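Throughout, protein chains are lettered first and strands after them, A, B, ... in sequence-line order, and every chain is numbered starting at 1. All of these numbers come straight from a predicted model, not from anything done at the bench.
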2 protein chains.
Amino acid sequence: MVRTIDELARLSGVSRATVSRVINGGSVSDKTRRRVEHIVAETGYRPNLAARTLASGRSGVVGVVMHVDPHLLFRDAYFGQLLQGMSDELVDLAAGMMLWLGNRTKEQTLDKVLSSGLVDGVIVTAHYRDDPLVDGLLASDLPTVLVGHRRHDRTASYVDVDHVHAADSVTSHLIQIGRTRIAHITGMRGTVAAEDRIVGYRRAMARAGLPCDDLMIDGDFNAPSGATGAAVLLDRHCDAIFCANDSTAMGALETIRARGLAVPGDVALAGFDDLDFAARLDPPLTTVRQGVRDQGAEAARTLFQLMADRDGTPRRVILPTELVIRQSTVGGVLRP
Amino acid sequence: MVRTIDELARLSGVSRATVSRVINGGSVSDKTRRRVEHIVAETGYRPNLAARTLASGRSGVVGVVMHVDPHLLFRDAYFGQLLQGMSDELVDLAAGMMLWLGNRTKEQTLDKVLSSGLVDGVIVTAHYRDDPLVDGLLASDLPTVLVGHRRHDRTASYVDVDHVHAADSVTSHLIQIGRTRIAHITGMRGTVAAEDRIVGYRRAMARAGLPCDDLMIDGDFNAPSGATGAAVLLDRHCDAIFCANDSTAMGALETIRARGLAVPGDVALAGFDDLDFAARLDPPLTTVRQGVRDQGAEAARTLFQLMADRDGTPRRVILPTELVIRQSTVGGVLRP
DNA sequence: GGTACTTTTGGAAGCGCTTCCATTCTTGGA
DNA sequence: TCCAAGAATGGAAGCGCTTCCAAAAGTACC
């Protein structure tokens, strides 16, 4: 079994340096290149990644950091889809992907990521307004791309959607179908997505001259918070609920049904994300589609651009969202 | 900034070898150890993982391979939960976790995993009866733990549940509540989980003397296959459907509802997995709970045992499952 | 054929660490 | 007090690769 570049060099009758050039695309004569490549193919030689990393200072591996509360992570398919989008893109660009989930404090996670020294760049989910992990990565010299962003990240590269606009459009839709007591179950407070969706909701309500102060309940992006939130809001006689995501809406739906109320007859319901199950609820859920896999893929592409020209300007990508109207707000209409 | 072990050695007035011993727990006098550790803490020195890997032959990184059809992966929370379970356990044991999803052919994935040379062991999901990727990993000298297993993996280490038994128990439950035309929408054919659940289903039906040949429809673990499968089965006048997983059941429920049939009145419905959403369907779904996160965690532990004593005997873990009875089979009863 | 390039190649240093081996320092028992 | 055995330490080799630099080979033009 040919294990080292030296053996390969001996076998092909050239120097180790030349073999290295063949493998890494250096300048080598066609004749030599063909000969060496033939031997490589024949022997199934694979360069040792650790040695390569040590010698060159880059590993071809990118890090993915999803430091998220276990109660939020992987409860629905959101983070999985994000991961898959990244992986789809990275398969051609990178040697691999190191994944860190949030099992400890953010400081410890940061420590692990930075100390490993074997990633060339990182993609990190930046959901919280206040996040030492994100701050630490941005402050390091590791190329970093955020999924999500904070308004004060002036020099950061990120991929995100316009939560304010999207929330405004859902709320406006609810207004347009004639609802006036439109409630909102928020996402986890302190996250940008939650806060921005609140802003969008308030904006649309204010524009229509509708009050909303007693119609907001804090949730946490999970179904149980939707169920308990809806209980309170129904007592306050709302006629529509815009939930911060689809899982929350699923929880709300449970409560609404338990009260014997009709959707959308008594209460219209809307979510956010458009995960697979949204279309399969009864009734199918009106929601905002944000291409989660696309966001992951875009983050990966952005990271590689960043790594290609270091200290270039930050790259910021805002992906489009789409309001998907289904029977939970416009009942009786055939599914689109 | 102290970057190398040599600087650290100079600073603490000992040799590089001694510093290395301090860091790796070699035999060093208490006095020296304290002094060096103090300097380490003070300077925030972190050993370079690539150099360490190259010199020692181990990286502390483990690989996780989930080569699964994109239509299956991350559609529901199953794989995410698995990942989270592994991560929970690995955080203390490993320097990191490399993740490979199935973006290319299995051969290419195998190639990437083996060639990287920077994982000390791998956990791989082994769902298919026929899987060159799993075969390749088992044949390599990399310690490997399977999540799931094939009956012919005599020397492999794995973590799995008893699908046959679990499926038998669900089916028996349906029989016990008086159903006689009990249908089954299978999982993706060729996967062990699907085939074994079929065996369990048939076994229970045979024991009760019930026919089942015209009551099986192939599905693929996804909701759409549940919806189309149920359409066929309802035409064949079934009075219960056991679906190969919860997502499939969700799809089936959609069809049942569209026909104006009652669950469980007209058709009892059961799933498998007990993901979060199962309890939130209307009606809540009877299903088999398999602790997916536990499986992930157990796989990680098993891998480390395997790495600790190489060429030991294979380790095989069968985790328990639990039949969770909800209103989709026993309507009217208060939710547990 | 000779000069002045350009392209291709090999030698050698070095990336930061672990670990073997030999040397020095301790310790305890005779 | 002295010696042997054991513990602690330092020196040095080497893990497998990239890359700088200089030397060799090829090419174009006069």
Side-chain angles (χ1 to χ4, degrees), chain A residues 1-40 43-61 95-96 114-120 141 307, chain B residues 1-40 43-61 95-96 114-120 141 307:
Chain A
M1 187 81 174
V2 177
R3 286 255 144 269
T4 73
I5 202 172
D6 281 300
E7 294 179 64
L8 202 70
R10 198 172 37 71
L11 248 53
S12 25
V14 295
S15 75
R16 179 213 307 212
T18 300
V19 175
S20 178
R21 278 184 212 104
V22 169
I23 290 169
N24 297 293
S27 118
V28 182
S29 73
D30 280 1
K31 200 176 123 214
T32 311
R33 155 156 281 124
R34 267 195 299 276
R35 182 148 43 97
V36 174
E37 277 174 346
H38 181 247
I39 308 269
V40 167
T43 58
Y45 163 78
R46 343 211 125 284
N48 177 307
L49 213 45
R52 212 169 191 179
T53 304
L54 182 58
S56 71
R58 45 206 143 67
S59 63
V61 174
L114 293 181
S115 80
S116 81
L118 47 62
V119 295
D120 292 347
D141 50 1
M307 286 170 13
Chain B
M1 189 79 175
V2 178
R3 287 252 143 269
T4 75
I5 202 171
D6 281 299
E7 293 179 64
L8 203 70
R10 198 170 38 70
L11 248 51
S12 25
V14 296
S15 75
R16 179 213 307 211
T18 299
V19 175
S20 176
R21 279 184 211 105
V22 169
I23 291 170
N24 297 295
S27 120
V28 182
S29 74
D30 280 1
K31 201 176 122 215
T32 311
R33 156 157 283 124
R34 266 194 302 276
R35 182 148 42 96
V36 174
E37 278 174 347
H38 180 247
I39 308 269
V40 167
T43 57
Y45 164 77
R46 341 210 126 285
N48 177 307
L49 212 48
R52 213 170 189 178
T53 304
L54 181 58
S56 72
R58 48 206 138 68
S59 63
V61 174
L114 293 181
S115 79
S116 81
L118 47 62
V119 295
D120 292 347
D141 50 3
M307 285 170 13

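Residues from residues 28-37 of chain B that place a heavy atom under 4.0 Å from any atom of DNA chain D, listed by number: V28(B), S29(B), T32(B).
When rounded to the nearest whole Å, the span between CG of L54(B) and P of dG16(D) equals 7 Å. In this structure, R46(B) places its CZ atom 20 Å from C1' of dC15(C), rounding to the nearest Å. The distance between atom CG of L8(B) and atom P of dG16(C), rounded to the nearest whole Å, is 14 Å. Per the geometry, CG belonging to N24(A) stands 10 Å off C1' belonging to dT19(D), to the nearest Å. One interatomic measurement links the two molecules: CG of N48(B) to C1' of dC15(C), which rounds to 8 Å at whole-angstrom precision. The CD-P distance, from E7(A) to dC15(D), rounds to 11 Å in whole Å. D6(B) places its CG atom 15 Å from the P atom of dA13(D), with the value rounded to the nearest Å. Across the protein-nucleic acid pair, I23(B) atom CD1 and dT19(C) atom C1' stand 14 Å apart, rounded to whole Å.
In this structure, N48(B) contributes its side chain and A50(B) its backbone to a donor-acceptor pair below 3.5 Å. With hydrogens and angles disregarded, no donor-acceptor distance shorter than 3.5 Å links the side chain of R52(A) to the backbone of P47(A).
Heavy atoms only, all atoms of each residue included: R46(A) and S115(B) are closest at CD-CB, 2.9 Å. Of all the heavy atoms in Y45(B) and I23(B), the pair that sits closest is CE2-CD1, 3.5 Å. Annotation for A95(B) and V61(B): closest pair CB-CG2, 4.4 Å, computed over non-hydrogen atoms.
Considering only side-chain atoms of S56(A), the nucleotide from dT19(D), dG16(D), dT19(C) that sits closest is dT19(D). Side-chain proximity of A17(A) to dG16(D), dT18(C), dG10(C): nearest is dG10(C). Among the nucleotides dT9(D), dA8(D), dC15(D), the one closest to any side-chain atom of S27(B) is dA8(D). Each of dG16(C), dG10(C), dT18(D) was ranked by its minimum atom distance to the side chain of I5(A); first place goes to dT18(D).
For the side-chain contact (heavy atoms from CB on, under 4.5 Å) test, residues two or more places apart in sequence or in another chain that qualify with R58(B) are S56(B), D120(B). Partners of T18(B) by side-chain contact (heavy atoms from CB on, under 4.5 Å), not counting sequence neighbours, listed by chain and number: V14(B), S15(B), R21(B), V28(B), T32(B).
Remark: S15(B) is in phosphate contact with dG10(D), judged by side-chain N or O atoms under 4.0 Å from OP1 or OP2. Listed pair R58(A) / dT19(D) meets the phosphate criterion, a side-chain N or O lying under 4.0 Å from OP1 or OP2. Residue T18(A) places none of its side-chain N or O atoms closer than 4.0 Å to OP1 or OP2 of dT9(C).
A donor N or O paired with an acceptor N or O is found under 3.5 Å between the base of dG10(C) and the side-chain atoms of R21(A).
Between V14(B) and A50(A), the one whose closest nucleotide on DNA chain D sits nearer the 5' end is V14(B).
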